[in-house]
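Below is one structure; the comments refer to it alone.
Order of the sequence lines fixes the chain letters, A, B, ..., with proteins taken first and strands second; residue numbering starts at 1 for each chain.
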Protein chains: 2
Amino acid sequence: MKLTINDLAKMTGLAKSTISGVLNNKDGFSEKTRQKVLEAAEQYGYVPNEIARGLSTKYTKTIGLVIKDITNPFYSKLTKGVQEVAGEYGYTVFLCSSFEDHRTEKEQIQAMLSRRVDGLIVAPLLEEVTFDHLFDLKAKSVPFVLLGSVPGLDSSYVEFDDYDGGRQVTEHLLERGHRSIGFAAGLPTSRASRERLRACRDVLSAHGLALRAEFTFEGAQELADGVEVGRKLIAMKERPSALICFDDVVALGVVKAFQSEGLRIPEDLSLIGFDDIDLMIFPLTTVSIPTYEAGKALARTLFGQIFGGPDTPAQRIVFDEKLVVRQSVLTVTN
Amino acid sequence: MKLTINDLAKMTGLAKSTISGVLNNKDGFSEKTRQKVLEAAEQYGYVPNEIARGLSTKYTKTIGLVIKDITNPFYSKLTKGVQEVAGEYGYTVFLCSSFEDHRTEKEQIQAMLSRRVDGLIVAPLLEEVTFDHLFDLKAKSVPFVLLGSVPGLDSSYVEFDDYDGGRQVTEHLLERGHRSIGFAAGLPTSRASRERLRACRDVLSAHGLALRAEFTFEGAQELADGVEVGRKLIAMKERPSALICFDDVVALGVVKAFQSEGLRIPEDLSLIGFDDIDLMIFPLTTVSIPTYEAGKALARTLFGQIFGGPDTPAQRIVFDEKLVVRQSVLTVTN
DNA sequence: AAAATAATTTGAACCGGTTCAATTTTCCTG
DNA sequence: CAGGAAAATTGAACCGGTTCAAATTATTTT
């Protein structure tokens, strides 16, 4: 059915090694045969079988990207960055989603390995359990880059300075006079969320303040979760004057809940998010995260590993997070 | 480095065909050898090389998904649906983005073919040029399913009744008394946009009305484009009373433009979008599109083709679009 | 024009699996 | 316990490429 290199060899009367050589631009072939091969390949529309090639060269021109959920703007933008760079290198990317499940993450990585990807980009779930599967990658010396470092694992990674982002927003709120601050954290599997929360706590306690338990929410991930948090806040007798949301999506949910009750942001609640997503139309004060650039950096770092061989030193790239002040934070005068 | 089936054969003292047979659950092996193989595989952590397997079986357990831009919520949700079903079948998906470029689309499909995917899902760009590459797929009898039919190509597809969606929104506006209607269309490569626009024109002309050229915009794709359209409208002396946007993202852009000028939706402009995206917090009247379900349907149809062999009849699935009335359309009394 | 050298081309082995006809082993039966 | 059938195992070919030492052909050199 499909034309193979053997067919081409038969048709041109040349050896398959000759065909292979010419097609891979190796030199040592006469101009005459070179033309003959090229013409025949062109004429019959020969497309080399990358699978077969991969088997002998050990390079599949394929990388795996394991993320949590493509539906989240954060990841879709990151993915776009990865794709962009992969394309430049003639690589194709396998998209795998862990759907926030630790076992799925492991399985996906396993599947990628069995498909012999040349490298992996993983946005690992943070969990108490184990990072064995990641240490394994290192042990097997499979090129890989992580989104976010993993304690004790000496690997390449790209991450954001989430702690500093958390610090910035908290200080911003303090500067604007807020003393009662709430926090809508993400899932416990999110490193970013944890860091931001930790920073928030640190800054508050440095000012003799604390995050009150009833103003601290957990597991906020999607818009609906944000709406839920918003509802809970609305139902409270006493409410924090400001809420830091783990990301813009959650913040958007809070905005939605408040708006649907006729309450207003920032008059009734000051709000801060993270990510600075494109689809934001609400003037939300947030923290911009160079997601797209991070995706590109992840891919570039990975290709560095792939082409640099197993002794390529691990690279660590940290992107800054930057507060973007808009109109969702009120200045309160005590 | 990596353990192969040959290694395993040597270690157990069995033939590689035995190892292969046991591991693939073929019968005709004694319980004793079966155990021996299984234990050895387990103990040494043997993972079959899918590349090698793919070469001989012709099945790579891999499908290709070619979309325009993963960053668009429409596609990310569709992708999620595809992934979900692919996962159920033990398949992994190659994500390819055409980035709205016809040539890139062709190249991506080519790349997928050279990687011998078992099937393809393509959201093709609509262009004057050619659909040769799609007809080629048919000719080569590569299993594939399209998002949206292509004229003259008898293939499986999943599509939305975009014409009807366009009809619904236009009639809704007419019912609410609007007579001066504008349309922010998407890129000319979007079939959905074209259909919606066509329906709008048809309905209007059936009512003796027409879409005025100065109220018809083209190439609106991202939020920024919507903002642009909004600005243009604001700058006009005379403005339509309602605007239909090709999708929610564009509508969101218009909202943003209006809000930033202190104008209000729907008081200053009635607005309708398409997609009913999750991240919407503005009470936008829109048309809900079962994107996630479509993604699943695409995948299921594809697997039907893959496992059903080349004579599987082409399937056509059309999803309805459904108007969701919220608060972005004013009732005007003339 | 023969010998030496350089330029091309080729054939066989290999990558890591699957497949299946042929062979070997085991089990029954008379 | 020989002989035949059934069960289990194996070996070789194949999938479609790449690689490289060896063979062939062309070009110089003397």
Side-chain angles (χ1 to χ4, degrees), chain A residues 1-38 40-41 44-62 90 111-118 140, chain B residues 1-38 40-41 44-62 90 110-118 140 142:
Chain A
M1 173 105 289
K2 264 239 152 243
L3 209 64
T4 75
I5 200 172
N6 287 302
D7 301 331
L8 218 54
K10 231 164 274 168
M11 304 173 104
T12 56
L14 293 163
K16 68 193 281 199
S17 52
T18 306
I19 311 283
S20 171
V22 169
L23 258 25
N24 288 300
N25 280 314
K26 306 239 184 263
D27 41 30
F29 295 97
S30 70
E31 198 49 36
K32 208 180 61 190
T33 38
R34 172 165 245 103
Q35 282 313 317
K36 199 155 143 198
V37 172
L38 261 24
Y44 301 111
Y46 169 68
V47 179
N49 181 332
E50 285 291 341
I51 293 293
R53 186 200 295 253
L55 185 57
S56 55
T57 61
K58 310 288 180 196
Y59 283 98
T60 54
K61 289 194 189 162
T62 274
M112 291 298 91
L113 292 182
S114 72
R115 282 172 176 76
R116 296 297 187 274
V117 292
D118 293 347
K140 287 178 181 158
Chain B
M1 173 105 290
K2 264 241 154 242
L3 208 63
T4 76
I5 199 173
N6 287 302
D7 301 332
L8 218 51
K10 230 164 275 167
M11 302 173 104
T12 56
L14 294 162
K16 69 195 277 200
S17 52
T18 305
I19 310 283
S20 172
V22 170
L23 258 25
N24 287 302
N25 279 314
K26 307 241 183 260
D27 41 30
F29 295 97
S30 70
E31 197 49 35
K32 208 180 63 190
T33 39
R34 174 167 243 99
Q35 282 313 317
K36 198 156 146 196
V37 171
L38 260 26
Y44 301 111
Y46 169 69
V47 180
N49 182 333
E50 285 292 340
I51 292 294
R53 187 202 295 254
L55 185 57
S56 55
T57 61
K58 310 288 182 195
Y59 282 97
T60 54
K61 289 195 190 162
T62 275
Q110 208 42 242
M112 291 297 91
L113 292 182
S114 71
R115 282 171 175 76
R116 294 299 186 273
V117 291
D118 293 346
K140 289 180 181 158
V142 175

Could you pull out the closest heavy-atom pair between A:A15 and A:A9, with the gap in Å?
C-CB, 4.2 Å
Close side-chain approach of B:R116 to B:K58, heavy-atom, < 4.5 Å:
no
Any side-chain heavy-atom pair from B:D7 and B:Y44 closer than 4.5 angstrom?
no
Validation row: A:R53, B:L55 side chains within 4.5 angstrom (heavy atoms):
no
Return the residues of residues 26-34 of chain B meeting this criterion: a heavy atom under 4.0 Å from some atom of DNA chain D. Order them by number, or give none.
B:G28, B:F29, B:S30, B:T33
Counting C-beta onward and ignoring hydrogens, is there a side-chain heavy-atom pair between B:K140 and B:L113 closer than 4.5 Å?
yes
Considering non-hydrogen atoms only, spot the tightest contact between A:L23 and A:A41 and give its length.
CD1-CB, 4.4 Å
Using a heavy-atom cut-off of 4.0 Å to chain B, what are the terminal contacting nucleotides of DNA chain D, in 5' to 3' order?
D:dA8 to D:dG16
Using a 3.5 Å distance criterion without hydrogens, assess whether the side chain of B:R115 forms a donor-acceptor pair with backbone atoms of A:K61.
yes
Do B:T60 and A:I51 have side-chain heavy atoms sitting under 4.5 Å apart?
yes
Can you confirm whether A:V37 sits close enough to A:T12 that some side-chain heavy atom of one is under 4.5 Å from a side-chain heavy atom of the other?
no
Distance col, row A:L3:CG vs A:N49:CG, nearest 0.5 angstrom, shows 11.5 Å
Look at all strands and tell whether B:Y46 reaches a base, only sugar-phosphate, or nothing, counting heavy atoms closer than 4.0 Å.
sugar-phosphate
Sorted by number, the residues of residues 9-24 of chain A with heavy-atom contact under 4.0 Å to DNA chain D
A:K16, A:S17, A:S20, A:N24
